[in-house]
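As a basis for the values below, the full set of heavy atoms in this structure was taken, side chains included, without hydrogen atoms, waters or symmetry mates. Proteins come first, then strands; the chains are lettered A, B, ... in the order of their sequence lines, and each starts at number 1.
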Amino acid sequence: MPEFIDTLDDLERDRYQKVLRLRARGVNPYPLRSKRTHPLADLRALHERGEDPGEVTVVGRITANRWTGKITFVDIRDGTGRMQLFLRQDNLGEETYKHFLKDYDLGDFVQATGTLFVTKAGELTVTVADIQMLSKAVAPMPEKFHGLTDKETRYRQRYLDLMVNEEVRAVFRARQRVLTAMRAYLDRNGFIEVETPALQPLYGGALAKPFTTYHNELERNLYLRIADELYLKRLLVGMFERVYEISKDFRNEGVDATHLPEFTMMECYQAFGDLSDMMKVVEDIFVECAMAAQGKLQITYGEHEVDLTPPFARVAMRDAILEKTGIDIYVDDSFETLNARIEEKNLRVEPQMNWGKLVEKVFSTYVEPTLIAPTFVIDFPTEISPFAKKKPGDARVAERFEIYVAGAEYGNAFTELNDPEDQWQRFMEQQTNRARGDAEAQQMDDDYVQALKHGLPPTGGLGMGVDRLTMLLTNQHSIRDVVLYPQLRN
RNA sequence: GGCUCGCUAGCUCAAUUGGCAGAGCAAGGCACUCUUAAUGCCAAGGUUCGGGGUUCGAGUCCCUGGCGAGUCACCA
């Protein structure tokens with residue numbers, strides 16, 4: 001059996017010697033309990049109100065040491081803020097002071113008892129009468145001035161990133177406020193939070209490639225959900241009027257600055273509602289989450305200034321594409337003619353397999369990046385909207401919108417398809433696409449069609465990407481910076 | 001998956017045309033009783049991501065593998 005010390009590198013070994021020294025003196029370097037009278041931020045607030053709390057006990061991680069002989073200034077941080085400690089040999093006694101210099105390092109958690117005073121330099125400081133080790137750090141902290149910038153280390157050892165990069169902690173606090181604001185809004189408006197299966201015998205509710213897994217006892221394949229949609233709408237058949245779920249979805253696709261294989265989605269469904277109700281929900285959620293994250297609706301995202309004050313603009317996909325490319329998708333409303341028109345206009349568009357996907361591609365290439373102010377894009381091709389009702393009077397497009405801000409999509413909503421026959425036909429069309437090689441085509445879901453046969457009320461439904469909303473509201477430009485443990489490349 | 005770029009001390013970064021692998025911080029020693037990236041002095045710290053090749057000589061050039069980043073494709 002190798003010894004623990006043999007696993008340590010030179011720097012860690014130096015520090016481990018201090019663990020042994022502490023133990024040799026009868027001091028536990030990892031005591032079971034700690035004591036704290038004031039979080040550091042509270043202590044500072046108290047002082048600013050002009051109060052003197054007398055003797056205080058604070059805890060924190062040592063982040064800097066400045067020693068000048070028989071006095072030492074120490075910075076500690078807890079989860080709330082920073083505080084300077086003042087250690088003086090005359091106060092602590094020679095032995096305790098020497099032990100501090102010898103055995104305490106940057107990164108250690110300590111507990112200090114003393115009284116508040118303000119230094120000559122004007123900084124609020126605790127004069128320490130007694131100091132104890134709470135948790136000895138064997139591994140050294142990242143460098144204090146430049147911090148930790150290596151992205152791989154930041155993501156793989158996120159605790160180091162959080163430890164030294166305060167702004168990173170601020171992003172994740174903001175993420176939590178966004179989530180809480182979203183939940184509070186939905187709860188307040190009668191939406192019931194529910195949980196539906198992450199392991200599904202059929203995957204559906206979105207056009208995406210799934211992760212496949214296997215249940216040994218059941219001897220069958222299961223899929224990690226790509227969406228919650230079909231399970232949630234079944235609940236409305238069961239007479240819940242408003243439901244929502246915030247959960248991880250899994251899609252077996254590429255990884256980049258805006259895509260991770262697991263991501264957080266909010267989906268909500270409102271019986272007796274429609275597309276316009278979902279627009280209201282989107283506007284309200286943007287407002288509430290922006291206020292929670294930033295306290296204002298005028299936000300900066302990269303080079304863009306964005307005003308999230310409702311009402312948001314709305315534009316039909318046909319009009320948006322016509323304006324940016326000169327192509328009228330209602331004139332060129334077949335796969336062949338639209339393809340020909342794209343070629344004629346010399347547009348660079350990847351080959352697609354049907355009119356709907358081609359429209360979507362032209363849109364995402366030539367329109368999406370230009371949508372900076374919050375904009376609802378409506379009237380999506382029915383072909384790429386297998387769960388949305390067709391628009392009355394024009395079956396080519398569906399009652400669907402997506403919300404765009406700062407050149408990116410944040411949500412997707414339908415007037416939900418509740419006609420079981422139409423839904424069955426849409427599934428059949430997806431089967432045709434699958435047969436032609438569309439890896440993202442829906443699977444036929446007979447059980448879902450059966451549910452619709454029992455009657456789904458007229459319903460508005462919405463899905464929003466929580467990670468992306470957080471990116472927008474924290475001015476982060478990689479999804480990895482709003483997810484604590486992002487899947488890395490390869 | 002394609003293309004481009006990167007990987008040097010615990011951390012942040014240097015290293016000229018291919019010519020002794022360096023600095024700051026951290027850690028070690030000494031000095032210093034109001035510091036703020038404390039300061040001064042001393043000493044130490046390396047499989048230059050792994051493997052192979054070219055060369056008298058490789059951190060540097062070539063091949064190959066690994067891990068990332070950006071970008072394109074797919075997608076939210």
Among the nucleotides [options], which one has an atom lying closest to any side-chain atom of [X]?
X	options	value
Lys209(A)	C34(B), U33(B), C74(B)	C74(B)
Arg15(A)	G70(B), A26(B), A76(B)	A26(B)
Ala64(A)	U36(B), C74(B), A38(B)	A38(B)
Glu440(A)	C74(B), U35(B), A27(B)	C74(B)
Pro142(A)	A76(B), C11(B), C34(B)	C11(B)
Arg66(A)	C74(B), G10(B), U36(B)	U36(B)
Arg468(A)	G24(B), C32(B), A76(B)	A76(B)

When we call it a touch if two heavy atoms are under 4.0 Å apart, what does [X] touch: a base, just sugar-phosphate, or nothing?
X	value
Arg348(A)	nothing
Arg13(A)	nothing
Glu12(A)	nothing
Ala121(A)	base
Leu148(A)	sugar-phosphate
Gln17(A)	nothing
Glu123(A)	base
Gly254(A)	base
Phe117(A)	base
Asp256(A)	base
Thr149(A)	sugar-phosphate
Leu160(A)	nothing
Asp10(A)	nothing

### Query
Does the Asp78(A) side chain pair with the main chain of Leu40(A), one donor and one acceptor, at a distance under 3.5 Å?
yes

### Query
With distance as the sole test, does Arg426(A) use its side chain to make a donor-acceptor pair with the main-chain N or O of Ala388(A) at under 3.5 Å?
yes

Check whether the side chains of [X] and [Y] place a donor and an acceptor atom closer than 3.5 Å, and report yes or no.
X	Y	result
Asn91(A)	Tyr97(A)	no
Thr264(A)	Arg468(A)	no
Ser385(A)	Arg400(A)	yes
Thr57(A)	Thr113(A)	yes
Thr196(A)	Glu245(A)	yes
Tyr185(A)	Glu288(A)	no

### Task
Tell whether Thr119(A) reaches the base of U35(B) with its side chain through a donor-acceptor pair below 3.5 angstrom.
yes

### Query
Has the side chain of Asp90(A) got a donor or acceptor that lies under 3.5 Å from a partner of the other kind on the base of U33(B)?
yes

According to the Watson-Crick and G-U wobble definitions, with both distances under 3.5 Å, which nucleotide is paired to [N]?
N	value
C32(B)	none
G65(B)	C49(B)
G18(B)	none
U71(B)	G2(B)
U12(B)	A23(B)
U60(B)	none

What's the [atom1]-[atom2] distance between [X] and [N], to the nearest Å?
X	N	atom1	atom2	value
Met141(A)	U12(B)	CE	C1'	14 Å
Leu124(A)	C34(B)	CG	C1'	14 Å
Leu85(A)	C34(B)	CG	P	17 Å
Glu152(A)	G68(B)	CD	C1'	5 Å
Trp67(A)	C25(B)	CH2	C1'	11 Å
Leu106(A)	A37(B)	CG	P	14 Å
Lys70(A)	C34(B)	NZ	C1'	15 Å
Glu143(A)	A27(B)	CD	C1'	13 Å

Euclidean distance for [atom1], [N] against [M] (whole angstrom):
N	M	atom1	result
G40(B)	G24(B)	P	10 Å
G50(B)	U39(B)	P	34 Å
G28(B)	C61(B)	C1'	40 Å
U54(B)	A27(B)	P	46 Å
C30(B)	A43(B)	P	15 Å
C7(B)	A15(B)	P	11 Å
A9(B)	A21(B)	P	15 Å
A23(B)	G45(B)	P	12 Å

### Task
Tell me whether Phe263(A) is stacked on the nucleobase of A76(B), counting only the six-membered base ring and applying the 5.5 Å and 30° thresholds.
yes

With a cut-off of less than 4.0 Å, is there a side-chain N or O of [X] near OP1 or OP2 of [N]?
X	N	value
Lys151(A)	C7(B)	no
Arg156(A)	G68(B)	yes
Lys102(A)	G29(B)	yes
Lys18(A)	G28(B)	yes

### Task
Calculate, to the nearest 0.5 Å, the distance between atoms CG and CG belonging to Leu43(A) and Leu124(A) respectively.
6.5 Å

#### Entry: Heavy-atom neighbours of Glu343(A) CD exceed 12 at 6.0 Å
no

### Task
Starting from the 5' end of RNA chain B, give me the residue, Tyr104(A) or Asp9(A), whose nearest nucleotide shows up first.
Asp9(A)

### Residue met sooner reading RNA chain B from 5', once Asp105(A) and Ile71(A) are mapped to nucleotides
Asp105(A)

